[in-house]
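Both backbone and side-chain heavy atoms feed into the values below; hydrogens, waters and symmetry mates do not.
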Amino acid sequence: MSTDKIALVTGYTGESGKALVKELITNNQFKKIILVGRRKVDYTENEYKEKTEQREIDFDQIDNYTEAFRGADVHFCCLGTTRGKSGAEGFRRVDFDYIVGAARLAKQEGCKHFHLVSSQGANENSYFLYPQVKGQAEAALTKMSFPRLSIYRPAMLMVDRVEHRLMERIAQSIIGHTVQRIAPEWITTPVQILARAMCFNSFTKDRPSVEVIDNHAIFRLAEQQPNPSTEQTKATNEL
């Protein structure tokens with residue numbers, strides 16, 4: 001059964017964001033997906049053209065783009081970078097300033113459920129930059145009093161990136177052939193699993209207003225979300 005839910009995604013050009021948009025596109029419980037980012041993507045697939053609306057903004061001047069966050073009741077935030085790519089200052093700007101700014105405007109425009117992709121080990125009191133900034137962003141959003149806030153703490157995201165990150169690729173290759181095969185939920189999270197969990201969690205009931213979802217819980221949520229292609233194949237076979 002379809003619904004009238006409208007989703008908004010920030011960080012949709014990153015790997016977790018791309019996986020999430022793909023999941024939302026195939027879910028008929030969302031009638032529209034608003035994509036907010038610094039640049040537009042030239043989609044060729046009809047389902048993307050028909051179901052998405054892209055809104056281009058400058059995150060450094062985010063207060064000038066209030067209208068870009070209007071019209072959605074569910075917001076998925078997949079914004080993020082790395083210190084290696086952006087430096088310490090750039091990392092803090094994206095993973096704190098941009099996220100908090102987007103959340104503030106989402107709340108202002110009536111967002112009922114905000115989803116944040118954070119990280120395993122996030123801790124605002126950490127001495128290390130990465131977990132500290134992640135934890136600070138979580139704490140800032142918690143104080144905003146959304147009707148519902150879901151914070152996801154995945155482990156190492158397993159993905160074939162378009163962007164070349166040599167050391168990450170080597171680490172993923174080693175882990176993929178060792179730990180992931182023995183204990184897949186221990187230190188890895190496939191982006192498709194994360195995307196499926198986030199999508200399904202938009203429709204769960206009787207959850208706390210603020211929830212922190214660790215890696216094991218992400219896998220459990222994903223298991224409850226049927227794979228659309230599987231369901232479609234099953235339905236076709238039954239005809």
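Listed for the Lys107 side chain is a donor-acceptor partner under 3.5 Å among the backbone atoms of Met144. At least one donor-acceptor pair closer than 3.5 Å links the side chain of Asn215 to the backbone N or O of Thr188. Using modelled atom types, no side-chain atom of Lys22 and backbone atom of Gln192 make a donor-acceptor pair closer than 3.5 Å. No donor-acceptor pair under 3.5 Å is formed between the side chain of Gln132 and the backbone N or O of Tyr127. Put simply, the side chain of Thr189 gets close to the backbone of Ala155: a donor and an acceptor are under 3.5 Å apart.
Phe203 and Lys5 get closest at one heavy-atom pair: CE2-CD, 3.3 Å. When all heavy atoms of Thr81 and Gly90 are compared, the closest pair comes out as CG2-O, 4.1 Å. Shortest non-hydrogen contact noted between Leu105 and Ile62 is CD1-O, 3.4 Å. Nearest heavy atom pair, residue Gly135 against residue Ala122, reads N-CB, 3.9 Å. A pairwise comparison of heavy atoms in Ser16 and Leu157 identifies CB-CD1, 4.4 Å as the closest pair. Residue Lys51 comes nearest to Leu24 through the heavy atom pair NZ-O, 3.3 Å, listed as atom of the first residue, atom of the second, then distance.
Residues Phe76 and Val191 fall within the same hydrophobic cluster, defined by Ile, Leu, Val, Met, Phe, Trp and Tyr side chains chained together at heavy-atom separations under 4.5 Å. Following chains of ILVMFWY side-chain contacts shorter than 4.5 Å, one cannot reach Ile193 starting from Ile151, and the two form parts of different hydrophobic clusters. Side-chain heavy atoms closer than 4.5 Å link hydrophobic residues (I, L, V, M, F, W, Y) into clusters, and following such links, possibly through other members, connects Phe200 to Ile25. Both Ile218 and Val9 belong to a common hydrophobic cluster when Ile, Leu, Val, Met, Phe, Trp and Tyr are linked at side-chain heavy-atom distances under 4.5 angstrom. With hydrophobic clusters built from ILVMFWY side chains whose heavy atoms lie under 4.5 angstrom apart, Phe219 does not share a cluster with Val212.
Heavy atoms of other residues, nucleotides or ligands lying less than 6.0 angstrom from CD of Glu53 number more than 12. Heavy atoms of other residues, nucleotides or ligands lying less than 6.0 angstrom from CZ of Arg55 number more than 12.
If you check the side chains of Tyr98 and Asp60, you find a donor sitting under 3.5 Å from an acceptor.
If you take CG on Asp42 and CD on Gln54, they are separated by 8.5 Å, rounding to the nearest 0.5 Å. Distance check: Thr204 OG1 to Glu211 CD gives 6.0 Å after rounding to the nearest 0.5 Å. Within the model, atoms OH of Tyr152 and SG of Cys77 stand 12.0 Å from one another, a figure rounded to the nearest 0.5 Å. Rounded to the nearest 0.5 Å, atoms SG (Cys78) and CD1 (Ile99) are 9.5 Å apart. Rounding to the nearest 0.5 angstrom, the gap separating the CG atom in Leu35 from the NZ atom in Lys40 is 10.5 Å. A distance of 10.0 Å separates CG in Leu116 from CZ in Arg153, rounded to the nearest 0.5 Å.
For the pair Gln136/Val100, no side-chain contact is recorded, criterion being any heavy-atom separation below 4.5 Å from C-beta on. Side chains of Asp58 and Asn64 form no contact here, defined as non-hydrogen atoms less than 4.5 Å apart. With a 4.5 Å cut-off on side-chain heavy atoms, Thr52 and Tyr12 do not count as touching. Thr10 is listed as a side-chain neighbour of Phe69, based on a closest heavy-atom distance under 4.5 Å. Put simply, the side chain of Leu129 reaches to within 4.5 Å of the side chain of Arg92, judged on heavy atoms.
Asn201 pairs in a side-chain hydrogen bond (donor to acceptor under 3.5 Å, both in side chains) with only one of the listed residues (His113, His115, Arg148), which is Arg148.
Phe96 meets the ring pair (Phe, Tyr, Trp, His ring centres under 6.0 Å) test with no other residue; sequence neighbours excluded.
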* Applying side-chain contact (heavy atoms from CB on, under 4.5 Å), run through Ile213 and Met198 and close with a yes or a no. => CA-CA 10 Å; Ile213 304 167; Met198 294 173 71; over 6 Å; no
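A parallel orientation is assigned to the rings of Phe114 and His75, their planes being inclined by less than 30° (bins at 30° and 60°).
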